[in-house]
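Report on one structure; see the data block that follows.
Remember, predicted model here, so these are calculated numbers, not experimental data. Hydrogens, waters and symmetry mates play no part in the numbers below; they use all other heavy atoms, side chains included. Letters A, B, ... are given to chains in the order of the sequence lines, protein chains preceding strands, and every chain is numbered from 1.
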2 protein chains.
Amino acid sequence: MAKIFKALSNEKRLQLFKNIYEWQVGEMKPEETLQCCDGIKKTFTKACGCMDLSRSTVSHHLKELQNAGLITCIREGQTLVCKVNQDVIDAVKTFID
Amino acid sequence: MAKIFKALSNEKRLQLFKNIYEWQVGEMKPEETLQCCDGIKKTFTKACGCMDLSRSTVSHHLKELQNAGLITCIREGQTLVCKVNQDVIDAVKTFID
DNA sequence: TCGAATGTACGATAACCATCGAACATACAA
DNA sequence: TTGTATGTTCGATGGTTATCGTACATTCGA
């Protein structure tokens, strides 16, 4: 559980996680979507664009999130598609009780 | 929010926080209570005893938890009385949705 | 009042982390 | 097939953190 919290303890990484979640559930405002992402697809690329981090840093953060089990990323050609693991989120919810 | 997660991202500090919570709500098993604490009182002292950390380290961790708003500590004579801030916990719950 | 117990403040140190750029690998389009 | 875009890996570097021991302040009991 500490591992999960650690993954969310970095400001940028938390933002990245939130973005992935919002892209996934489609709760992002249209203009943000246009600026920042292409829906759930192209997570990586667009994250770089809107978060002002180098590609290597984004790669590292994504790996941390995966490592904590918070997201799962699969490759689709050149791009990455990342999605949130709801069961881990639920585990956190359960823990906080 | 990242600050809160950071406060919980250390294994020992998370354990400490859980102890404080359990001591507070009285959900700790009697034998643990005997070993580890005197109810909500003497949080600090007993934390040192059962967590295998120096006093200065425990002091530091408590300060981090306070800093994140997760707990509030007040002094009672020689000892510290710490309690969990439920509203911050609720904020975390709300965030995870 | 004196001494023990409790908690805090400080400085040191080793470990960890965030970030970058460069070099690389892969995929796709021209 | 060649170039461009995309992601990954690596090493460097500066910053942060966990932990300790020591020294200090406060409280309380003898």
| query | What are the residues of residues 54-64 of chain A, sorted by number, that bring a heavy atom to within less than 4.0 Å of DNA chain D? | reply | A:Arg55, A:Ser56, A:Ser59, A:Lys63
| OP1 or OP2 of D:dT16 sitting under 4.0 Å from any side-chain N/O of B:Lys6? |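 Looking at the OP1 and OP2 atoms of D:dT16, neither is under 4.0 Å from any side-chain N or O of B:Lys6.
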Round to a whole Å and report the spacing from [atom1] of [X] to [atom2] of [N].
{"X": "A:Leu80", "N": "D:dT9", "atom1": "CG", "atom2": "P", "result": "11 Å"}
{"X": "B:Asn67", "N": "C:dA9", "atom1": "CG", "atom2": "P", "result": "12 Å"}
{"X": "B:Asn10", "N": "D:dT16", "atom1": "CG", "atom2": "C1'", "result": "13 Å"}
{"X": "B:Lys12", "N": "C:dC16", "atom1": "NZ", "atom2": "P", "result": "14 Å"}
{"X": "A:Leu14", "N": "C:dA18", "atom1": "CG", "atom2": "P", "result": "13 Å"}
{"X": "B:Gln66", "N": "C:dT8", "atom1": "CD", "atom2": "C1'", "result": "12 Å"}
{"X": "B:Asp52", "N": "D:dG21", "atom1": "CG", "atom2": "P", "result": "11 Å"}
{"X": "B:Leu16", "N": "C:dG7", "atom1": "CG", "atom2": "C1'", "result": "14 Å"}

| query | At what distance, to the nearest 0.5 angstrom, does CD1 of A:Ile89 lie from CZ of A:Phe17? | reply |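 Interatomic distance, A:Ile89 CD1 to A:Phe17 CZ, rounded to 0.5 Å: 3.5 Å.
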| field | From B:Gln15 atom CD to B:Leu53 atom CG, the distance as rounded to the nearest 0.5 Å | value |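 One gets 10.5 Å once the value is rounded to the nearest 0.5 Å.
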Sub-3.5 Å pairs of nitrogen or oxygen atoms, protein against nucleotides 26-30 of chain D:
residue : atom : partner : partner atom : Å
D:dT27  : O2   : B:Gln78 : NE2          : 3.2

| task | Evaluate the side-chain proximity of A:Leu70 to A:Ile20: yes if any heavy-atom separation is below 4.5 Å, no if none is. | result |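 Not in contact.
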| field | Residues that A:Lys93 engages under side chain to side chain donor-acceptor pair (under 3.5 Å), provided they are two or more places apart | value |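 Once residues adjacent in sequence are excluded, the partners of A:Lys93 under the side chain to side chain donor-acceptor pair (under 3.5 Å) criterion are B:Asp97.
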| Can you list the residues that meet the side chain to side chain donor-acceptor pair (under 3.5 Å) rule with B:Gln78, with sequence neighbours excluded? | none
| query | Is A:Asp87 atom CG crowded by more than 12 heavy atoms from other residues, nucleotides or ligands, each under 6.0 Å away? | reply | yes
| request: Under the side-chain contact (heavy atoms from CB on, under 4.5 Å) rule, collect the residues that match up with A:Val92, sequence neighbours excluded. | output: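 For A:Val92, the residues satisfying side-chain contact (heavy atoms from CB on, under 4.5 Å) (neighbours in sequence not counted) are A:Met1, A:Ile4, A:Phe5, A:Ile96, B:Ile96.
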| message | I'd like to check the side-chain contact (heavy atoms from CB on, under 4.5 Å) partners of A:Ala2; sequence neighbours left out, ordered by chain and number. | response | B:Glu11, B:Leu14
Donor-acceptor contacts under 3.5 Å from residues 55-65 of chain B side chains, at least two apart:
residue : atom : partner : partner atom : Å
B:Ser56 : OG   : B:Ser54 : OG           : 3.1
B:Thr57 : OG1  : B:Ser54 : OG           : 2.9
B:His61 : ND1  : B:Arg13 : NH1          : 3.3

